[in-house]
Amino acid sequence: MNETNAAPVKRVALITGASSGMGREFARRLVALGECDELWLVARRREPMEELGRELGVPARVVCADLASAEGLAALKNELAEATPALSWVISAAGFGVFGRFDEVSDEDVFKMIDLNVKGAVAVTRMAIPYISRGGHIVELGSGSVFCPLPNFNIYASSKAFILHYSRALREEVKHLGITCTVFCPGWVDTAFFSVADKEGDDVHKPPMEKRKPLLKADRCVRGAVRAALRGKALYTTNWYTKLEHLLSKLLPAPLLIAGWKSMQNKK
Ligand SMILES: NC(=O)c1ccc[n+]([C@@H]2O[C@H](COP(=O)([O-])OP(=O)(O)OC[C@H]3O[C@@H](n4cnc5c(N)ncnc54)[C@H](OP(=O)(O)O)[C@@H]3O)[C@@H](O)[C@H]2O)c1
């Protein structure tokens, strides 16, 4: 077959956390922009991902995998090795957080947050990079919480602070491959995140819902993140308070930042 008759290479977007929230919005946005011809949707729940594939009308491979587990990561790695897709986007959106003081959050949740938000995210990029084409994009989900140590949201914020540094350094490491890496740090976004985050712990150790409002719209946040990635930005924050947190984190010592965070929490 000569070059003109060769089938065009399919551009594949691999999205973790695709069964819900921002992961799902990334799939919608990338398809709407014509940024991919095929989706790889990764999370634990099959049904919402199959529904998303049907909604978007592009070929969608659903990979049900618990990315906090070695088996789940191995399953995804094997599928990549078998299919050798030409990845144009890798979005690492699988993640969760739990509010609560150290003695209120279960061991299981503490170590699962680290396994998923840190180890899972690193593993996904490590296994995906060999398949990302020149001109491709990596987006890592950080959070507004990356800018300050957060008592009573400690493990989550610390796991996302790792992602901030990891992404910024990875960006330099993949530059020579023609791949960009953007860390996306949204404020409070209206997703299923809070149904998990609020499940444990005493309410006095949580920022009350009214102080998290107005929650940002997931589709708008994702739209901005995709734009930033296409422009090759290193970091994208969504709104004024996250931008302010970013700025203050450069100007103020940690105890002052922590005092600001604690003032958001309920007191006895
Ligand atoms: N919402 C916010 O205010 C906010 C703010 C800043 C950053 N973030 C970050 O944004 C990302 C997306 O969260 P979201 O707000 O869209 O929340 P979400 O709607 O709860 O989505 C979380 C996604 O992660 C997947 N997931 C959870 N545990 C998993 C596991 N063990 N293995 C594989 N997938 C898993 C979930 O799918 P399954 O349950 O089907 O596995 C779901 O698709 C997360 O990294 C979160 O930390 C959220």
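All values below were derived from every heavy atom in this structure, side-chain atoms included, with hydrogens, water molecules and symmetry-related copies excluded.
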- prompt: Do L170 and I138 come close enough that some side-chain heavy atom pair is under 4.5 Å?
  reply: yes
message: Salt bridge check, R54 against E51: does any charged N sit closer than 4.0 Å to a carboxylate O?
response: no
message: Are N154 and P149 packed together at the side-chain level, in the sense that at least one heavy-atom pair is separated by less than 4.5 angstrom?
response: no
- prompt: Any sub-3.5 Å donor-acceptor pair from D37's side-chain atoms to R11's backbone N or O?
  reply: yes
message: Within the 4.5 Å heavy-atom criterion, are I155 and S158 side-chain neighbours or not?
response: no
task: Starting at CD of E140, measure out to CG of L164 and round the result to the nearest 0.5 Å.
output: 11.0 Å
task: Begin with the C-alpha distance, continue with both residues' side-chain angles, and end with the deciding distance and a verdict on side-chain contact (heavy atoms from CB on, under 4.5 Å) for L14 and I91.
output: CA-CA 6 Å; L14 168 69; I91 313 284; over 6 Å; no
- request: Could you give me the CA-CA distance, side-chain angles and deciding distance for H137 and T180, then say whether side-chain hydrogen bond (donor to acceptor under 3.5 Å, both in side chains) is met?
  value: CA-CA 5 Å; H137 306 280; T180 70; 2.7 Å; yes
query: Got L215 and F194 here, is their nearest side-chain heavy-atom distance under 4.5 Å?
result: yes
query: Say you draw a straight line from CG of L76 to CG of L67; how long is it, rounded to the nearest 0.5 Å?
result: 6.5 Å
- line: To the nearest 0.5 Å, atom CZ of F153 lies from atom CE of M264 at 10.5 Å
field: Shared hydrophobic cluster for W240 and V146 (ILVMFWY, side-chain gaps under 4.5 Å)
entry: yes
query: Hey, which of W188, F99, Y156 is the one that makes ring-ring contact (aromatic ring centres under 6.0 Å, His included) with F193?
result: Y156
task: Using a strict 4.0 Å threshold on nitrogen-to-oxygen distance, state whether E35 and R29 make a salt bridge.
output: no
- prompt: Quick one: are F147 and T242 in side-chain contact, heavy atoms under 4.5 Å?
  reply: yes
task: Could you tell me whether the side chain of T125 and the main chain of A121 form a donor-acceptor pair under 3.5 Å?
output: yes
statement: Between W261 and P151, the two heavy atoms sitting closest are NE1-O, 2.8 Å
field: N78 CG to M127 CE distance, which is reported to the nearest 0.5 Å
entry: 9.0 Å
task: Using a strict cut-off of less than 4.0 Å between a Lys/Arg side-chain nitrogen and an Asp/Glu carboxylate oxygen, indicate whether K112 and E108 qualify as a salt bridge.
output: no
field: Non-hydrogen atoms of L216 and G187 that approach each other most closely
entry: CD1-N, 3.8 Å
field: Electrostatic pair E25:R220 at N-O distance under 4.0 angstrom
entry: no
message: So which atom in N117 and which in A94 form the shortest heavy-atom distance, rounded to 0.1 Å?
response: OD1-O, 4.5 Å
message: Within the 4.5 Å heavy-atom criterion, are E104 and N152 side-chain neighbours or not?
response: no
message: For residues L256 and I258: do they belong to one hydrophobic cluster (side chain heavy atoms under 4.5 Å, members Ile, Leu, Val, Met, Phe, Trp, Tyr)?
response: no
- prompt: Out of curiosity, M113 CE to S159 OG, how far, rounded to the nearest 0.5 Å?
  reply: 7.5 Å
field: Any L248 side-chain heavy atom under 4.5 Å of L257 side chain
entry: yes
task: Could you walk me through whether R24 and I15 pass the side-chain contact (heavy atoms from CB on, under 4.5 Å) test, one step at a time?
output: CA-CA 8 Å; R24 186 168 54 193; I15 303 171; over 6 Å; no
message: By the definition side-chain contact (heavy atoms from CB on, under 4.5 Å), identify the one residue from V183, T182, L235 that meets it with S167.
response: V183
- request: For the pair S19 (side chain) and M49 (backbone), establish whether a donor and an acceptor sit closer than 3.5 Å, ignoring hydrogens and angles.
  value: no
message: Salt bridge or not between D66 and R44? Use side-chain N to carboxylate O under 4.0 Å.
response: no
message: I'd like to know if the side chain of S133 reaches the main chain of S88, judged simply by a donor and an acceptor atom lying under 3.5 Å from each other, with no hydrogens or angles considered.
response: no
Closest non-hydrogen atom pair between A65 and V42, with its separation: CB-CG1, 4.4 Å
field: Donor-acceptor under 3.5 Å (W89 side chain, L30 main chain)
entry: no
- request: Examine distances only and state if a side-chain atom of R223 and a backbone atom of A218 form a donor-acceptor pair shorter than 3.5 Å.
  value: no
message: Distance to the ring centre below 6.0 angstrom and angle to the axis at most 45 degrees; does that hold for K160 and F184?
response: no
message: Whether D219 and K217 form a salt bridge (side-chain N of Lys/Arg under 4.0 Å from carboxylate O of Asp/Glu) is what I want to check.
response: no
query: Do L141 and L230 sit in the same hydrophobic cluster, where Ile, Leu, Val, Met, Phe, Trp and Tyr count as joined when their side-chain heavy atoms come under 4.5 Å apart?
result: yes
- prompt: If two hydrophobic side chains count as joined below 4.5 Å and joins carry through other members, does L39 share a cluster with V9?
  reply: no
message: Give me the atom names and distance for the closest heavy-atom approach of P186 to M22.
response: CG-CE, 3.9 Å
message: Quick check against the 3.5 Å criterion: does S106 have a side-chain atom that pairs as donor or acceptor with the backbone of D109?
response: yes
query: Can you tell me how far the CD1 atom of I129 sits from the CD1 atom of I179, to the nearest 0.5 Å?
result: 6.0 Å
field: Check against side-chain contact (heavy atoms from CB on, under 4.5 Å), K10 and C36
entry: CA-CA 7 Å; K10 271 191 182 171; C36 59; over 6 Å; no
Beyond-backbone contact of S20 with R45, side-chain heavy atoms, under 4.5 angstrom: yes
Heavy-atom closest contact (C221 atom, V189 atom, distance): SG-CG2, 4.1 Å
message: salt bridge (Lys or Arg N to Asp or Glu O under 4.0 Å), that's the test. Do E82 and R61 meet it? Break it down for me.
response: CA-CA 13 Å; E82 273 168 31; R61 179 186 288 240; 5.9 Å; no
